[in-house]
Structures are given as C-alpha cells and as structure tokens.
Asks: 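Please see the structure below; I have some questions.
Every chain is numbered from 1, with letters handed out A, B, ... down the list of sequences.
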Amino acid sequence: MRVFNTLSGKKEVFSPLEEGKVKIYACGVTVYDLCHIGHARSAIVFDVIRRYFRYKGFDVTYIRNFTDIDDKIINRAKKEGIPWDEVARKYTEEYYRDMDALGVERADLEPRATEHIKEIIEIVKGLIEKGYAYVVDGDVYFEVEKFKDYGKLSKRSLKDMMAGARVDVDERKKNPLDFALWKASKEGEPAWPSPWGPGRPGWHIECSAMSMKHLGETFDIHGGGADLIFPHHENEIAQSEAYTGKPFVRYWIHNGFITIDREKMSKSLGNFFTIRDILKRFDPEVVRVFLLSTHYRSPIEFSEEQLLEAEASVDRFYTTLQRVEIFKSLGSRKERRSPLEEPLRQSTESLRARFEEAMDDDFNTALALGHMYELLREINRFLDSKPSGDVALSLISDAIRALRETGAVLNVFQRSPKEWHLSLLRTRVPNMTEEEIQKKIELRASARKEKDWKRADAIRDELKEKGIILEDTPSGTIWRVKAGHGR
RNA sequence: GGCGGCGUACCCAAGCGGCUAAGGGAGAGGUCUGCAAAACCUUUAUUCGCCGGUUCGAAUCCGGCCGCCGCCUCCA
C-alpha cells in the first residue's frame with residue numbers, strides 16, 4: 001500500500017509500527033453547530049480508510065474525538081442561553097444523527113476533551129518542566145522557538161511565518177506564534193482546577209493527550225481536513241514530540257476541501273450546506289458516492305449538478321441489480337450458453353485485484369468506482385445476450401457478490417433495489433405510496449391485455465409526470481423513481 | 001510577500017515515462033420494445049492551459065509564462 005504522507009510530501013509505502021495492526025486517530029469536530037458537507041467528507045474519507053485497512057486484514061484501532069470545550073461552544077451557549085455542556089451534548093447528538101445517516105461507522109473510541117483533563121494537565125506540567133512552556137497570568141504557552149522542528153509538517157520556517165504573520169500580537173507571549181496549552185478561565189466560564197489556577201485546555205493539547213493515551217506515544221496515522229495542517233497538527237507535533245522526545249505520528253493524511261463556486265466552503269464565508277439540508281433532497285448513498293468519486297486530496301466542487309450525476313450512478317447500480325433479481329426470479333431454466341460468459345467471468349475475477357490496486361494507491365476510490373461500473377456494464381451485456389440456466393445464474397451471482405464486497409469497503413451498493421427506490425419515493429414523491437403505484441400498474445396491465453394502448457400509455461404518462469417510471473419486463477411491470485438529470 | 005496545490009472531451013473525473021488517454025453524466029444515431037423505459041452498441045480529446053527542454057518515447061520529468069485555488073487567524 002502506498003499512502004500520501006503530508007509530512008514527507010509524497011506517497012510512501014505504508015508499513016505499520018506493529019505488524020498487522022494500524023492505529024488511526026482522526027480529528028473529529030467541535031460540537032457547537034450542525035455539521036456541513038465538508039465535515040461529511042472528512043468523516044467519510046477516514047471511514048473508508050479505516051474500512052479498507054480492515055478489508056486488507058489489519059487489526060484497526062480507529063479513534064475520532066469530539067472537542068467538547070472551546071470558545072465557540074462557550075459563545076454558542078451564551079447565545080442560546082443554555083449551559084455549555086448542554087450545547088456540546090446537543091450537537092454531539094446531531095452529529096451522530098447525520099453521520100449515522102451517511103453510513104459513517106462509529107469509531108472504536110470517541111474520546112472527549114473534557115474527559116481527559118487529568119492527562120492534559122500532566123503533559124502541560126511536563127512541558128513546563130522540560131522548558132518548552134511558560135506560564136503567564138494563569139495561561140500556559142508553548143514556546144515554538146524551543147522546538148527545532150517547528151514547521152516541518154506545514155513546510156514553513158518560523159521566519160517565513162513571522163514575515164506574513166497576521167496573528168494578534170499579545171505582548172505577554174515571547175513569540176506571536178506561541179500557542180496556548182492552557183487558558184485561564186474568566187468569571188462564569190467553565191473551569192477545571194490546575195496548578196496554574198482554574199482554566200481549560202487549549203485546542204491543540206487535547207488531541208495530543210487523547211491520541212497518546214489510547215494509541216501510544218508513537219502511532220501510525222493521524223488525519224483530518226487539510227485546514228488542520230497549520231496550526232493544529234503542527235502544534236500537536238511540537239507539544240507531543242517535545243514532551244516524549246519520540247516521533248509522534250508516522251503518516252499524516254489530510255483530505256481536500258469542498259468548494260462552492262471554486263471557493264472553500266466555510267462557516268466564516270457563510271457558503272456552506274449542512275448535511276441535514278442535503279439529506280432532505282438526496283439519498284445518503286448519493287452523497288457518499290459523490291464524495292468518493294473524486295480523490296480524497298483533491299478539491300470537490302459542490303453543486304446540485306454533481307449530486308444529480310452521483311444519483312444517476314447509484315441508480316445505475318440498483319437498476320442493474322433489479323434486472324438481476326428479475327433474471328433470478330425466472331428460475332433455473334433450460335441451459336442456454338452465452339458467448340459473453342468469458343468476458344463476464346474475467347471482469348468478475350479481476351474486480352477485486354483492480355479494486356485493491358486502486359485502493360492500495362493512496363485510496364483511489366474514484367478509480368475503484370470506475371472499475372465497479374465496468375463490471376456493471378459487463379453484467380448488463382451478459383444479460384442482454386439472453387442466457388439462461390445454472391451457469392448463467394452462478395456467473396451473475398459471482399459478479400454481484402464481487403460488487404457487494406468491494407462496495408462494502410466504500411459502504412455503498414449494500415441495499416436492495418426495492419429499498420433504494422422506496423427511499424427515493426419517500427423523499428422525491430412523498431404524496432404517493434407504493435400501494436397506489438401498484439394499483440396504477442394493475443389498471444394499466446388490464447388495459448394492455450385488451451391492447452388499449454392509449455389508456456395504458458395515459459397511465460404511464462400520468463405517473464411519469466410525478467417522477468415515476470414504469471418498465472415492462474419479462475416478469476411484469478416494475479416501477480422506479482426517476483433519478484439523475486431527468487428527475 | 002512566503003509556502004503548497006491544480007488546469008485532461010459539453011460537464012464531472014482517473015491517469016504519476018511506453019498497451020486503443022479509465023469510468024460516470026449530458027447530447028446525437030442505432031438495436032430491443034405495441035409504444036416506451038432500462039440495457040447494449042456507435043459517436044463527442046491524433047490530444048491532455050501555453051511555450052520551450054530532457055528522453056528512442058511525456059498528459060505524465062525539468063524550466064518559463066498564463067489562469068484558478070488553498071494555507072500563513074478559527075475552520076473538516
């Protein structure tokens with residue numbers, strides 16, 4: 001496996017610290033508001049990375065934290081007039097609601113900053129003792145100039161950063177880039193006792209404390225959005241390595257941003273879409289496929305158009321699956337061999353290898369999906385050649401199994417066509433039930449029996465108006481919800 | 001200003017020195033069908049922002065230019 005390591009700036013062969021095991025820490029979210037699609041991207045990217053390591057047979061420990069104490073949470077609490085911990089609790093719940101819907105698996109451990117105050121204080125104490133940190137009025141700062149390698153992740157020297165520094169000049173700090181390990185609390189703010197007076201942890205220290213506690217002083221992979229490279233991850237390295245004297249993380253993985261009109265989606269620009277809103281209009285699987293259709297390090301332009309394309313892709317899978325189900329329901333019949341057996345057999349057999357080759361190369365999910373669509377076409381071609389019998393049945397079953405297994409790594413293509421179409425029906429055509437559609441289909445069937453094409457077509461057109469497509473197949477008429485651009 | 005990235009067909013997108021430049025969407029034509037839909041087939045890049053260079057050979061490596069974006073402050 002090759003993984004792009006932000007630290008070295010290139011793809012490296014991945015070899016874990018401990019044979020057969022991978023320890024991953026991904027930065028989660030600060031729970032002060034609903035998550036937007038950018039948060040979804042990060043969560044899904046690392047969800048897939050974790051699933052892929054597991055697929056490859058690694059024993060994976062995956063940790064994703066919650067920042068549950070921070071200025072933004074305190075501000076939000078003031079705004080909403082509720083206690084700060086209530087804000088954290090509420091948005092943690094909302095986070096789970098969104099991520100569960102998107103098929104993001106829970107991490108093995110989901111630690112919270114406030115549960116690790118003891119460990120944080122321990123590290124801060126150690127850093128002061130070792131001369132890397134200093135106390136000012138109850139605050140504790142990390143002294144960046146004491147750490148020789150400061151800037152090695154973001155590839156900047158202290159001098160470079162000073163030149164373009166836009167940081168607030170705080171006269172109490174020895175260097176404007178010194179960052180807070182511990183912040184003294186103001187009156188009425190949440191506070192924990194510490195050797196430096198009541199206060200709360202700085203933002204960066206929690207990740208060092210939690211990752212090292214649960215994964216050890218050196219672990220394999222640490223990740224998050226590319227905007228965390230500086231200062232967050234740079235600071236984590238500084239404080240962790242200064243404290244332990246050991247390398248902190250072996251591979252740093254960062255995902256790219258989501259853009260709107262080619263600009264980074266962010267809270268401050270106000271150009272963001274919440275996961276909640278998107279899921280009102282698109283199936284979660286569509287969002288996953290949309291996000292995985294581009295390499296994780298590239299920017300993705302978010303648009304309705306793009307989601308519709310992803311929807312068409314997902315629909316293509318389930319439409320084919322539906323064909324397969326119909327084929328199977330016709331039962332085992334007279335053996336009729338197809339000249340396309342061999343191409344299908346080969347595509348099926350090579351899918352796993354091609355999938356792994358793509359994923360082994362820095363988690364190329366876009367290429368992996370491309371291979372899956374190729375097999376999908378092979379299945380359709382085979383079905384078009386009108387085969388029947390046991391050989392055909394087993395070839396098709398093998399092909400579908402291969403798609404299901406590789407799909408499981410991306411956590412897509414795991415439902416039945418019926419579930420997919422019912423899900424679309426609920427969100428797209430809420431005023432129509434499956435029973436009503438079935439009734440129309442029966443009406444049309446009797447019209448067709450009498451060769452009353454006009455009446456039959458009128459019924460079909462009526463449903464089409466509402467976004468429901470009827471298809472006449474060998475085993476009767478089936479319905480689908482119009483997906484993609486045509487919808 | 002410093003550092004980093006990107007520019008591949010109508011749109012999205014893979015491609016990391018050499019097989020016909022994946023795949024999806026959209027459009028056009030065809031096969032199938034009562035008609036459709038779906039599916040399949042054909043078609044839309046002799047060419048990868050532009051200009052040079054290295055090489056037997058470059059979308060892929062190097063240099064310059066143009067355009068876009070990100071980080072340097074909280075941010076996934």
Asks: Under 4.0 angstrom, heavy atoms only, what part of the nucleic acid is A:E301 near: base, sugar-phosphate, or nothing?
Replies: nothing
Asks: With rounding to the closest Å, how many angstrom separate the C1' atoms on B:G15 and B:A45?
Replies: 14 Å
Asks: Where the side chain of A:K155 is concerned, which of B:C3, B:C12, B:C35 is the nearest nucleotide?
Replies: B:C3
Asks: Do A:L395 and A:R345 touch side chain to side chain, with heavy atoms closer than 4.5 Å?
Replies: yes
Asks: With a 3.5 Å limit on both atom pairs, tell me what B:U46 is paired to, counting Watson-Crick and G-U wobble, or say none.
Replies: none
Asks: Once you round it to whole Å, what is the distance between C1' of B:A13 and CD of A:E309?
Replies: 9 Å
Asks: Using a heavy-atom cut-off of under 4.0 Å over every strand shown, decide if A:R156 touches base, sugar-phosphate, or nothing.
Replies: base
Asks: Using the P atom as the point on both nucleotides, what is the distance between B:U31 and B:A22, in whole Å?
Replies: 27 Å
Asks: Using the C1' atom as the point on both nucleotides, what is the distance between B:A13 and B:C51, in whole Å?
Replies: 27 Å
Asks: May I ask you to evaluate whether A:K264 reaches the phosphate of B:C71, defined as a side-chain N or O under 4.0 Å from OP1 or OP2?
Replies: yes
Asks: Provide the distance between the two C1' atoms, one in B:G30 and one in B:U8, to the nearest whole Å.
Replies: 29 Å
Asks: Does A:I237 form a side-chain contact (heavy atoms from CB on, under 4.5 Å) with A:W252? I'd like the steps, not just the answer.
Replies: CA-CA 11 Å; A:I237 291 174; A:W252 285 92; 3.4 Å; yes
Asks: Could you check whether A:W453 and the base of B:G34 form a stacked pair, meaning centres closer than 5.5 Å and planes differing by less than 30°?
Replies: yes
Asks: So, A:T6 versus A:H254: side-chain donor-acceptor pair below 3.5 Å or not?
Replies: yes
Asks: Counting heavy atoms from C-beta on, name the nucleotide in B:G25, B:A22, B:A14 closest to the side chain of A:T294.
Replies: B:A14
Asks: Rounded to the nearest angstrom, tell me the gap between atom CG in A:D384 and atom C1' in B:G30.
Replies: 14 Å
Asks: With C1' as the reference atom in both, quote the distance from B:G29 to B:U47 in angstrom, rounded to an integer.
Replies: 25 Å
Asks: Could you please name the partner base of B:G70, counting Watson-Crick and G-U wobble pairs only when both distances are under 3.5 Å?
Replies: B:C3
Asks: With a 3.5 angstrom cut-off on both distances, give the Watson-Crick or G-U wobble partner of B:C61, or none if there isn't one.
Replies: B:G53
Asks: With a 6.0 Å cut-off on ring centres, are A:F179 and A:H204 close enough?
Replies: yes
Asks: Taking ring-ring contact (aromatic ring centres under 6.0 Å, His included) as the criterion, tell me which of A:F363, A:Y52, A:F4, A:Y251 meets it with A:F14.
Replies: A:Y251
Asks: Can you list everything that forms a salt bridge (Lys or Arg N to Asp or Glu O under 4.0 Å) with A:R106? Sequence neighbours excluded, please.
Replies: A:D100
Asks: Rounded at 0.5 Å granularity, tell me how far CD1 in A:I37 sits from CZ in A:F302.
Replies: 5.5 Å
Asks: Between atom CD in A:E378 and atom C1' in B:G23, what is the gap in whole Å?
Replies: 14 Å
Asks: With a 4.0 Å cut-off, would you call A:E143 and A:K173 a salt bridge?
Replies: no
Asks: On a whole-Å scale, what distance lies between the P atoms belonging to B:C16 and B:U73?
Replies: 36 Å
Asks: Please work out which residues in residues 455-471 of chain A have a non-hydrogen atom less than 4.0 Å from an atom of RNA chain B and list them by number.
Replies: A:D457, A:R460, A:I469, A:L470, A:E471
Asks: Need one value for A:G484: base, sugar-phosphate or nothing, where a base atom within 4.0 Å counts as base even if backbone is also close, heavy atoms only.
Replies: nothing
Asks: I'd like to know if A:K440 pairs up with A:E436 as an ion pair, taking the criterion as any Lys NZ or Arg NE/NH1/NH2 lying under 4.0 Å from an Asp or Glu carboxylate oxygen.
Replies: no
Asks: Could you run down the sub-3.5 Å N/O contacts of the protein with nucleotides 15-20 of chain B?
Replies:
unit_1: B:G15; atom_1: OP1; unit_2: A:N364; atom_2: ND2; d: 2.5

Asks: Quick one about A:W420 and A:D315 (side-chain donor to acceptor, distance below 3.5 Å, no hydrogens or angles considered), yes or no?
Replies: yes
Asks: Once you round to the nearest 0.5 Å, how far does CG of A:L376 lie from NE2 of A:H371?
Replies: 14.5 Å
Asks: For B:C10, which nucleotide in any strand shown is its Watson-Crick or wobble partner with both distances under 3.5 Å?
Replies: B:G25
Asks: Could you state the atom-to-atom distance from CG of A:N175 to C1' of B:U73 in whole Å?
Replies: 15 Å
Asks: When you match A:Q306 and A:A483 each to their closest nucleotide on RNA chain B, which lands nearer the 5' end?
Replies: A:Q306
Asks: For a quick check of understanding: with a heavy-atom distance under 4.0 Å over all strands, which category does A:R444 fall into, base, sugar-phosphate or nothing?
Replies: base
Asks: What distance, rounded to whole Å, do you find between the two P atoms, one in B:U60 and one in B:G64?
Replies: 16 Å
Asks: Below 4.0 angstrom, N of the basic side chain to O of the carboxylate: do A:E341 and A:R337 qualify?
Replies: yes
Asks: Under 4.0 Å, counting only non-hydrogen atoms across every strand here, what does A:M265 touch: a base, just sugar-phosphate, or nothing?
Replies: base
Asks: Check every strand shown and say whether A:R316 touches a base, only sugar-phosphate, or nothing at a heavy-atom separation below 4.0 Å.
Replies: sugar-phosphate
Asks: For the aromatic rings, using the six-membered ring if either is Trp, is the centroid distance between A:Y91 and A:Y32 under 6.0 Å?
Replies: no
Asks: Answer with yes or no whether the side chains of A:E236 and A:S208 bring together a donor and an acceptor at under 3.5 Å.
Replies: no
Asks: Can you tell me the base-pairing partner of B:C40? Count Watson-Crick or G-U wobble geometry only, both distances below 3.5 Å, and say none if there is no partner.
Replies: B:G30
Asks: Which one, B:A14, B:C72, B:A76, comes nearest to the side chain of A:S298?
Replies: B:A14
Asks: Say you pick atom C1' in B:A14 and the same atom in B:G4; how far apart are they, in whole Å?
Replies: 23 Å
Asks: Could you please name the option among B:A26, B:G70, B:A76 that lies closest to any side-chain atom of A:N255?
Replies: B:A76
Asks: Output all residues satisfying salt bridge (Lys or Arg N to Asp or Glu O under 4.0 Å) with A:K72, sequence neighbours left out; order by chain, then residue number.
Replies: none
Asks: Taking CD1 from A:I229 and P from B:C74, how many angstroms apart are they, rounded to a whole number?
Replies: 15 Å
Asks: For this output row, return yes or no: ring centroids of A:Y62 and A:Y25 closer than 6.0 angstrom.
Replies: no
Asks: Could you work out which one of B:A39, B:G2, B:C12 sits closest to the side chain of A:N380?
Replies: B:A39
Asks: Any luck finding a side-chain donor-acceptor pair between A:D70 and A:T30 under 3.5 Å?
Replies: no
Asks: Does B:G23 have its OP1 or OP2 closer than 4.0 Å to a side-chain nitrogen or oxygen of A:R377?
Replies: yes
Asks: Before accepting this row, confirm whether a basic side-chain N of the pair A:R381/A:D384 lies closer than 4.0 Å to the acidic partner's carboxylate O.
Replies: no
Asks: The side chain of A:I258 is closest to which nucleotide in this list: B:G25, B:G24, B:A76?
Replies: B:A76
Asks: Which of residues 35-52 of chain A sit near RNA chain B, with a heavy atom under 4.0 Å from it?
Replies: A:H36, A:G38, A:H39, A:S42
Asks: Which parts of residues 90-97 of chain A get close to RNA chain B, meaning a heavy atom less than 4.0 angstrom away?
Replies: none
Asks: Select from A:E263 and A:K72 the residue whose nearest nucleotide in RNA chain B is closer to the 5' end of that strand.
Replies: A:E263
